[in-house]
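Presented below is the structure to which this report refers.
Numbers here simply count residues along the sequence, with the first being 1.
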Amino acid sequence: MDEREWQTFVTVVEEGNITKAAEKLFLSQPALSYRLRHLEEDLGSPLLIRTSEGITLTPQGEVFHTYCRRMLQEMESLKQALGEMSGEIQGTLKIGSSINFADYQLPHLLAKFTKQYPNIHIQVKTGHSSHVNKMFNSGEVAVAIARGNYKEASNSIKLFEEPYCLVYKDPVTIEELADLPLIQYRSDGSITNVLDTWCNENLPKSHEAAMEMDSMVTCRHFVREGLGWSILPYLGLGSCKDEGIYVEPIYQKNGEPWVRSTFLYFNEVSDKLIAVKTFIDYVQDYYKDNSPVTIKF
């Protein structure tokens, strides 16, 4: 049994589906099924239960999954230790990133990082912050860049704060907003809570969304066409903030701006890996000099 088999099983469990795992591993579905049957025969135990909705681990499969993850981590530690002896910074860096950060910050950040550290192999998975939280807590990624409370993270670094902004095509008064369509972006509870609280504190009457979007890009395109107004985090405005769209930070009753913080999360185990430690130090230094927020609030 070797690294390839460990990675195969971990990928199947992460994807929760044989077909998706086969695509990720660049295998045909029959070839992957053969590998899994071969593993079960070698171990003398059933590892997976296949259902119409995907796969479920047997008790033996759960034990084997834990073993595979541990062996992959130990193999990575070995490679990095050997790399350190040769004087090279190398290894694998598994990053979980929120969708917004991945859209507007991560590509440029990683391009600069990989140019400086070409021997570090990068793996990235994206999702809403709640999903990134799950990936981090399960050990699927070594570091997470997102919002939220990560119970398994022993360390965190605040990278920056961005304001929530009122966005609309033409200038209007706050009172006039109550009679205009609200375009609401729905991702997780944080944006909804900010929107509801701000509306209750500032609009003269209760306001329900006329349109609900599950994509921030779609939401801002609707605003740009004059179909209504919205409240979005600054990073999600994209080019809208430079194309004649009115953008204003919103404030709480006490005068403090509504803000959203983005953190880099890691734990003591990941911090000991040279590739991860190098990335943590690089990102921390990068955001000391490169704020993504150009608006005053």
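Qualifying side chain to side chain contact (heavy atoms under 4.5 Å, CB included) partners for Glu74, counting only residues two or more places apart in sequence or in other chains: Arg70, Met71. Annotation: side chain to side chain contact (heavy atoms under 4.5 Å, CB included) contacts of Thr262 (sequence neighbours excluded): Phe101, Ile145, Leu159, Phe160, Glu162. Scored by the side chain to side chain contact (heavy atoms under 4.5 Å, CB included) test, Pro181 finds Ala210 as partners (sequence neighbours excluded).
Contact detail for Arg147 and Ser129: the closest heavy-atom pair is N-OG, 3.3 Å. Minimum interatomic distance between Arg220 and Leu237 (heavy atoms only, all atoms of both residues): CD-O, 3.3 Å. The shortest heavy-atom contact between Leu177 and Leu166 is CD1-CD2, 3.7 Å. Nearest heavy-atom pair, Leu182 versus Ser230, reported as atom, atom and distance to 0.1 Å: CD1-CA, 4.3 Å. Scanning all heavy atoms of the two residues, the minimum distance from Thr58 to Pro46 falls at OG1-O, 2.6 Å. When every heavy atom of His131 is checked against every heavy atom of Gly127, the shortest pair comes out as CD2-CA, 4.3 Å.
Checking side-chain atoms of Ser291 against main-chain N and O of Tyr287 turns up no donor-acceptor pair under 3.5 Å. Glu23 places no side-chain N or O within donor-acceptor distance of the main-chain N or O of Lys20, the cut-off being under 3.5 Å. Of the possible polar contacts, one joining the Asp2 side chain to the Glu5 backbone as a donor-acceptor pair under 3.5 Å is found. The backbone N or O of Leu47 sits less than 3.5 Å from a side-chain atom of Glu40, completing a donor-acceptor pair. Formation of a donor-acceptor pair under 3.5 Å by the Thr197 side chain with backbone atoms of Val194 is not found in this model. Without hydrogens or angle criteria, Arg224 side chain to Ile245 main chain gives no donor-acceptor distance under 3.5 Å. Using modelled atom types, no side-chain atom of Thr126 and backbone atom of Ser98 make a donor-acceptor pair closer than 3.5 Å.
With contacts defined as side-chain heavy-atom distances shorter than 4.5 Å, the pair Ile49/Ile55 does not qualify. Ile231 is listed as a side-chain neighbour of Trp198, based on a closest heavy-atom distance under 4.5 Å. Proximity of Tyr234 to Ile295: side-chain heavy atoms (C-beta onward) are separated by under 4.5 Å at one or more points. Side-chain contact check for Asn100 versus Pro233: some heavy-atom pair is nearer than 4.5 Å. Residues Tyr246 and Lys169 are not in side-chain contact: their nearest non-hydrogen atoms beyond the backbone lie 4.5 Å or more apart. Two residues are said to be in side-chain contact when any heavy atoms from C-beta on lie closer than 4.5 Å; Cys199 and Leu195 meet this criterion. Within the 4.5 Å cutoff, no side-chain heavy atoms of His128 are placed close to those of Val132. Counting heavy atoms from C-beta on, the side chains of His65 and Phe9 come closer than 4.5 Å.
Remark: the Asn200 side chain and the Asp196 side chain contain no N/O donor-acceptor pair separated by less than 3.5 Å. For the residue pair Tyr185 and Thr192, no side-chain donor N or O sits within less than 3.5 Å of a side-chain acceptor on the partner. Gln105 and Tyr286 share no donor-acceptor pair across their side chains, judged by distance under 3.5 Å alone. In this model, no donor atom of one side chain and acceptor atom of the other lie less than 3.5 Å apart for His38 and Arg35. Under 3.5 Å, the side chains of Glu14 and Thr11 contain no donor-acceptor pair of N or O atoms.
Put simply, Leu57 and Val63 are part of two different groups of oily side chains (I, L, V, M, F, W, Y) that touch within less than 4.5 Å, one to the next. In the hydrophobic cluster analysis, where Ile, Leu, Val, Met, Phe, Trp and Tyr join through side-chain heavy atoms closer than 4.5 angstrom, Ile191 is grouped apart from Ile99. Both Ile122 and Leu264 belong to a single network of hydrophobic side chains, linked directly or stepwise wherever heavy atoms of I, L, V, M, F, W or Y lie under 4.5 Å apart. Tyr164 is connected to Val172 through a chain of hydrophobic side-chain contacts under 4.5 Å among Ile, Leu, Val, Met, Phe, Trp and Tyr, so both are in one cluster. One hydrophobic cluster, built from ILVMFWY side chains closer than 4.5 Å, holds both Val10 and Leu78.
The distance from the CD1 atom of Ile18 to the CG atom of Leu48 is 6.0 Å, given to the nearest 0.5 Å. Between Thr92 atom OG1 and Gln123 atom CD the span is 5.5 Å, to the nearest 0.5 Å. Note that CG of Leu43 and CD of Gln60 are 10.0 Å apart. Values are rounded to the nearest 0.5 Å. Taken from CD1 in Ile250 to CG in Asn202, the straight-line distance is 8.0 Å, to the nearest 0.5 Å. Here SG of Cys68 is found 7.5 Å from CG of Leu39. Values are rounded to the nearest 0.5 Å. Note: Leu27 CG to Thr8 OG1 = 6.5 Å, rounded to the nearest 0.5 Å.
Looking at Ile157, Leu273, Asn155 one by one, the single match for side-chain contact (heavy atoms from CB on, under 4.5 Å) with Ile280 turns out to be Ile157.
Counted within 6.0 Å of CG on Asp214, heavy atoms from surrounding residues, nucleotides or ligands total 12 or fewer; the atom is thus considered open.
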Glu256/Tyr251 under side chain to side chain contact (heavy atoms under 4.5 Å, CB included): CA gap, chis, key distance, verdict:
CA-CA 6 Å; Glu256 293 293 321; Tyr251 294 86; over 6 Å; no
Pair Thr278-Tyr117, side chain to side chain contact (heavy atoms under 4.5 Å, CB included): steps then yes or no
CA-CA 9 Å; Thr278 301; Tyr117 301 101; 3.4 Å; yes
Set out, in order, the CA-CA distance, both residues' side-chain angles and the distance that settles side chain to side chain contact (heavy atoms under 4.5 Å, CB included) for Leu109 and Asn290, then state yes or no.
CA-CA 10 Å; Leu109 178 66; Asn290 297 277; over 6 Å; no
Intermediate values then yes/no, side chain to side chain contact (heavy atoms under 4.5 Å, CB included), Gln7 and Leu72:
CA-CA 7 Å; Gln7 188 60 63; Leu72 288 171; 3.6 Å; yes
Give the C-alpha distance, both sets of side-chain angles, the deciding distance and a yes or no for side-chain hydrogen bond (donor to acceptor under 3.5 Å, both in side chains) between Tyr168 and Glu248.
CA-CA 9 Å; Tyr168 45 94; Glu248 298 179 8; 2.8 Å; yes
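Salt-bridge formation is detected for the pair Lys24/Glu15: a Lys NZ or Arg NE/NH1/NH2 atom is positioned less than 4.0 Å from an Asp or Glu carboxylate oxygen. The existence of a salt bridge linking Glu140 and Lys125 is confirmed by a sub-4.0 Å separation between a basic side-chain nitrogen and an acidic carboxylate oxygen.
Ring-centre distance between Phe113 and Phe279: below the 6.0 Å cut-off.
Between Phe64 and Tyr67, the two ring planes are parallel [angle under 30°; tilted spans 30° to 60°].
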